[in-house]
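From a predicted model like this one, the values you see are computed outputs, not experimental measurements. Chain A is the first sequence line, chain B the second, and so forth, proteins listed ahead of strands; every chain is numbered from 1.
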There are 2 protein chains.
Amino acid sequence: MSDLPQTMAFAPHDHAHCAGSGLARAEQIAAERGVRLTPVRRRALEILLEAHRAMGAYEVLDRLAADGFGNQPPVAYRALDFLVEHGLAHRIRRLNAFAACTRPGEAHSPAFFICTGCSTVAEAPGAAIRAAMDEAAAALGFAVARTSIEAVGTCPACRGAAA
Amino acid sequence: MSDLPQTMAFAPHDHAHCAGSGLARAEQIAAERGVRLTPVRRRALEILLEAHRAMGAYEVLDRLAADGFGNQPPVAYRALDFLVEHGLAHRIRRLNAFAACTRPGEAHSPAFFICTGCSTVAEAPGAAIRAAMDEAAAALGFAVARTSIEAVGTCPACRGAAA
DNA sequence: CCTTGACTTGTTATGATGTAACGTATCTCT
DNA sequence: AGAGATACGTTACATCATAACAAGTCAAGG
């Protein structure tokens, strides 16, 4: 299987801000929805935010276990599924991995760009892409619930390096 | 894991035509590219075309084995990877499944619409969606090589049934 | 022809990813 | 405090995928 990504963006940015505001947003969203951001769930989100890259479920599990939570797969999958369901994290299917959402709360159909050179993943707003999908769906009479929009290719840095 | 799809389109169509022309196109494409459509590869494509739905690799493997080919996973994965590489089949990541391409040879970034009600999958042209993705990628300086564009939702028939 | 090198196939073995099911604990509401 | 819903931890297993190696096949040049 391919290597997991190094970061969640191609450009430098205020990483500490991501993690801090991400957790705060999560608390807020959980409260709004009347769901519980329990310790495992909260810690799973922290792990994703701190790593700031896509992580496999078993990798998250290892860290949860190290923090005293259960060490069996369902522990990680349940926490991650919760995060995905509430828009706090995304599942990146080409990588069999999960990543904290960079825009929690905002309704969005994110697009992921995965570099085959350095394994970096970027999450980009996919509103325009989603609109195009909805149009194609409408032609079929299909009602879209959720989307997986992913691309593999070469990031700016790796394009430069290859030249 | 979810059930595998029942068909590859929401609407009735000339199924025999799909299978027949699919194989013919495959021969042609293999010749053009100077690659070999060997017996296993050809049979794997036939299996996908005949089934006319997305199939797991192990399901394809079972049928290959029944026809006297090897019965170990790499046999199926190699044949399927070949088909995907040459645009004769697609991999549908949300389903961990493969399906014969409905438009072999035409350059396209197909979009897949997966019904959660009846497990049917439709392949639709994704040119407009791909264009939107390329635009988003350009903003990041990212060069797109391949895309995975998939949506889950409800097909026309299941929408009607639910009402 | 017949060798040589690239490609293809089959096999063994193992790794990686994901779930079902069940019992216990915890929370919330009344 | 009791009842029902939710969440957690565990065992066990199902499913999906690949690495590595040996043996067979093919096409092209000597």
Side-chain angles (χ1 to χ4, degrees), chain A residues 1-5 26 30-31 33-45 47 54-86 88-99 119 148, chain B residues 1-5 26 30-31 33-45 47-48 54-86 88-99 119 148 152:
Chain A
M1 203 106 276
S2 47
D3 291 337
L4 287 177
R33 299 198 179 192
V35 296
R36 295 192 287 152
L37 189 63
T38 61
V40 221
R41 291 169 178 173
R42 184 189 171 92
R43 183 68 193 123
L45 179 56
I47 288 165
M55 297 177 75
Y58 279 69
E59 196 180 350
V60 173
L61 176 59
D62 284 346
R63 307 217 189 182
L64 288 174
D67 291 338
F69 296 100
N71 68 342
Q72 297 305 312
V75 170
Y77 280 102
R78 284 195 290 234
L80 291 167
D81 287 347
F82 171 90
L83 297 176
V84 169
E85 182 174 351
H86 294 289
L88 301 170
H90 299 295
R91 186 168 198 157
I92 302 171
R93 306 208 82 111
R94 279 195 93 109
L95 299 174
N96 293 323
F98 297 82
S119 295
S148 298
Chain B
M1 201 110 270
S2 47
D3 290 337
L4 286 176
R33 298 198 179 192
V35 297
R36 294 193 289 153
L37 189 64
T38 61
V40 222
R41 292 168 178 174
R42 184 191 171 89
R43 184 67 192 124
L45 178 57
I47 288 166
L48 291 179
M55 296 177 77
Y58 278 68
E59 195 180 350
V60 173
L61 176 59
D62 285 346
R63 306 218 189 182
L64 288 174
D67 290 339
F69 296 101
N71 66 343
Q72 298 303 312
V75 169
Y77 281 102
R78 283 194 291 236
L80 291 167
D81 287 347
F82 172 90
L83 297 176
V84 169
E85 181 174 351
H86 294 289
L88 301 170
H90 299 296
R91 185 168 199 157
I92 301 172
R93 306 206 87 108
R94 280 193 94 109
L95 299 175
N96 293 323
F98 298 82
S119 295
S148 298
V152 294

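Across the helix from C/dC1-D/dG30 to C/dT30-D/dA1, the helix axis at one end is tilted relative to the axis at the other end by 30° (nearest 10 degrees, each axis from five pairs).
From B/Gln72, atom CD reaches atom CZ of B/Arg78 across 10.5 Å, with rounding to the nearest 0.5 Å. For the atom pair A/Leu80 CG and A/Glu85 CD, the distance stands at 13.0 Å (nearest 0.5 Å). Note: A/Asp62 CG to A/Asn71 CG = 9.0 Å, rounded to the nearest 0.5 Å. The CE atom of B/Met55 sits 13.0 Å away from the CG atom of B/Leu95 when rounded to the nearest 0.5 Å.
Going from atom CZ of A/Arg93 over to atom P of D/dC16 covers 12 Å, rounded to whole Å. In this structure, the CG atom of B/Leu64 is 9 Å from the P atom of C/dG10, given to the nearest Å.
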Next on the checklist: Output one letter per nucleotide in nucleotides 5-11 of chain D: B when a protein non-hydrogen atom lies under 4.0 Å from the base, S when only the sugar-phosphate is that close, - when neither is.
Outcome noted: --SBBBB
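The main-chain N or O of A/Ala30 is never found under 3.5 Å from a side-chain atom of A/Arg36 such that the two would form a donor-acceptor pair.
The shortest heavy-atom contact between B/Leu61 and B/Ala76 is CB-CB, 3.7 Å.
For the pair A/Arg91 and C/dG18, the criterion of a side-chain N or O lying under 4.0 Å from OP1 or OP2 is met. Side-chain N/O atoms of B/Tyr77 include none lying less than 4.0 angstrom from OP1 or OP2 on D/dT18.
Side-chain contact of B/Ser148 with A/Arg94: a donor-acceptor pair under 3.5 Å is present, judged by distance alone.
Judged by the 6.0 Å distance and 45° axis criteria, A/Arg91 is not positioned over the aromatic ring of A/Phe98.
Between the side chain of B/Tyr58 and the base of D/dA14 there is no donor-acceptor pair of N/O atoms closer than 3.5 Å.
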